[in-house]
Amino acid sequence: MRLQGAIFDMDGTLLDSMPAWYDLTTGILREEMGLPPDEELEHTIQTGDLQRGSELLLSRYGVSCTPAEMTAMGDARMERFYREKVLPKPEVEKLLSILKMEGVWMYVATATNRPLAEAGLRRAGLDRYFRGILTCAEAGRGKEDPLIYEKCLTRLRCQKRDCVVFEDSLYAIRTAKAAGFRVAGVYDGCSEADQPEIRALADYYIPTYGEWLEQL
């Protein structure tokens, strides 16, 4: 793999953090509000319909909670997770160390807001490997659009043919591939059902970083 630059997604790619996002709604209901998880309410909040979620809380549990208050609870919970608990994906630091030693410039492209991303990378001990972080909010587009990758590429000062995007999410892999990037698909258990398509679509497939490094 010839590289001058590498763009890494964060959650599920660098950090073992996707289970915390999947459990966020249940955690808020059970631990922050003291409520047993209700399937409809959990699904409603998880899909981002916070207004409807607030209505269900009031009608079913008598709890008055605005969408802004629900968002604040989620932000606080994830901030604690990134600052105190998050771990790197096994052996990812070994790959980052090799790339840095070989002079590869690296950037993080993440949908997570900057304060959480900075806290998580610092907690996992990975922040020192990267030239910088770019969030979807800062880029102005989500990863259904390649703009965040294009902006990272500009900051890395290399050609697209000399750069690889590391992603665990199928939709983001599709975006990067359609934009002409080489892509390394990283396995994460939270996207188990997508693995056959990820394996077929990606230029490189990483079941674990340890297994992949042995093959290089």
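When a residue number appears, it is its place in the shown sequence, counting from 1.
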*R114 and E118 ion-paired at < 4.0 Å*: yes
_Assess the residue pair M78 and S17 against the criterion (side-chain contact (heavy atoms from CB on, under 4.5 Å)); give the C-alpha distance rounded to whole Å, side-chain angles, the decisive distance to 0.1 Å, and a yes or no._
CA-CA 10 Å; M78 291 309 296; S17 51; 5.9 Å; no
_E31/R77 ion pair, N-O < 4.0 Å_ = yes
*asked:* Check whether K143 reaches the backbone of A176 with its side chain - one donor and one acceptor, N or O, closer than 3.5 Å.
replied: no
*asked:* For the CD1 atom of I7 and the SG atom of C152, what is their distance to the nearest 0.5 Å?
replied: 5.0 Å
*What is the distance from atom CZ of R141 to atom CD of E150, rounded to the nearest 0.5 Å?*
11.5 Å
*How long is the gap from OH on Y149 to OG1 on T154, to the nearest 0.5 Å?*
15.0 Å
*Begin with the C-alpha distance, continue with both residues' side-chain angles, and end with the deciding distance and a verdict on side-chain contact (heavy atoms from CB on, under 4.5 Å) for L14 and V108.*
CA-CA 9 Å; L14 292 170; V108 175; 4.0 Å; yes
*Considering non-hydrogen atoms only, spot the tightest contact between A202 and G185 and give its length.*
CB-N, 3.6 Å
*With side chain to side chain donor-acceptor pair (under 3.5 Å) as the test, would you mind laying out the steps for Q195 and S191 before giving the verdict?*
CA-CA 7 Å; Q195 293 310 305; S191 55; 3.2 Å; yes
*Would L57 and L35 count as a side-chain contact (heavy atoms from CB on, under 4.5 Å) if you check the C-alpha gap in whole Å, the side-chain angles of each, and the deciding distance to 0.1 Å?*
CA-CA 10 Å; L57 278 171; L35 302 175; 3.6 Å; yes
_Could you check whether any side-chain N or O of E69 sits under 3.5 Å from a backbone N or O of T66, counting only pairs where one atom can act as donor and the other as acceptor?_
yes
_Any side-chain to backbone donor/acceptor pair from N113 onto P115? Under 3.5 Å, distance only._
no
*Cut-off 3.5 Å, side chains only: do Y82 and R123 have a donor facing an acceptor?*
no
*Is it true that Y187 and I173 fall in one hydrophobic cluster, defined by side-chain heavy atoms closer than 4.5 Å?*
yes
*asked:* Students often mix this up, so state it plainly: with edges at 30° and 60°, are the rings of F166 and F8 parallel, tilted or perpendicular?
replied: parallel
*Out of curiosity, D75 CG to L116 CG, how far, rounded to the nearest 0.5 Å?*
6.5 Å
_So which atom in I206 and which in A184 form the shortest heavy-atom distance, rounded to 0.1 Å?_
CD1-CB, 3.9 Å
*Given T112, which of D9, T135, D11 fulfils the side chain to side chain donor-acceptor pair (under 3.5 Å) condition?*
D11
_Please say yes or no: joined through hydrophobic side-chain contacts below 4.5 Å, possibly via intermediate residues, are I148 and F181 part of one cluster?_
yes
*Heavy-atom pair of closest approach, residues V164 and Y204*: CG2-CE1, 4.1 Å
*Indicate yes or no for a side-chain donor-acceptor contact from R182 to the backbone of R161 under 3.5 Å, with no hydrogens or angles considered.*
yes
*Mind listing the closest non-hydrogen atom pair of A117 and T110 along with its distance?*
CB-CG2, 4.1 Å
_What I want to check is whether the side chains of Y209 and E214 have a donor and an acceptor closer together than 3.5 Å._
no
*Keeping the roles fixed (side chain from D194, backbone from L170), state whether a donor-acceptor pair exists under 3.5 Å.*
no
*Specify the closest pair of heavy atoms between C158 and C163, including all atoms of both residues, with the distance to one decimal.*
SG-CB, 3.9 Å
*Do L3 and W212 sit in the same hydrophobic cluster, where Ile, Leu, Val, Met, Phe, Trp and Tyr count as joined when their side-chain heavy atoms come under 4.5 Å apart?*
yes
*Using salt bridge (Lys or Arg N to Asp or Glu O under 4.0 Å) as the criterion, point out the one residue from E167, E144, E197 that pairs with R174.*
E197
*If you round to the nearest 0.5 Å, how far is CD of E192 from CD1 of I198?*
9.5 Å
_Testing E40, E39, E55 one by one against R60 for a salt bridge (Lys or Arg N to Asp or Glu O under 4.0 Å), which residue passes?_
E40
_Which atom of K151 lies closest to which atom of A139, heavy atoms considered_ = CE-O, 3.8 Å
Under 3.5 Å, which donor-acceptor pairs do the side chains of residues 93-106 form with other protein atoms, sequence neighbours left out?
residue: E93; atom: OE2; partner: R128; partner atom: NH2; Å: 3.0
residue: E93; atom: OE2; partner: Y129; partner atom: OH; Å: 2.9
residue: K100; atom: NZ; partner: R128; partner atom: O; Å: 3.1

*Distance in Å, W21 CH2 paired with D23 CG, rounded so as to fall on 0.5 Å steps*: 12.5 Å
_When you group the ILVMFWY residues by side-chain heavy-atom contacts below 4.5 Å and let the links chain together, are V186 and F130 in the same group?_
yes
*Going through the distances and angles, do L126 and V92 end up as a side-chain contact (heavy atoms from CB on, under 4.5 Å)?*
CA-CA 9 Å; L126 304 182; V92 67; 4.1 Å; yes
*Of T13, D168, T208, D188, which meets side chain to side chain donor-acceptor pair (under 3.5 Å) against K89?*
D188
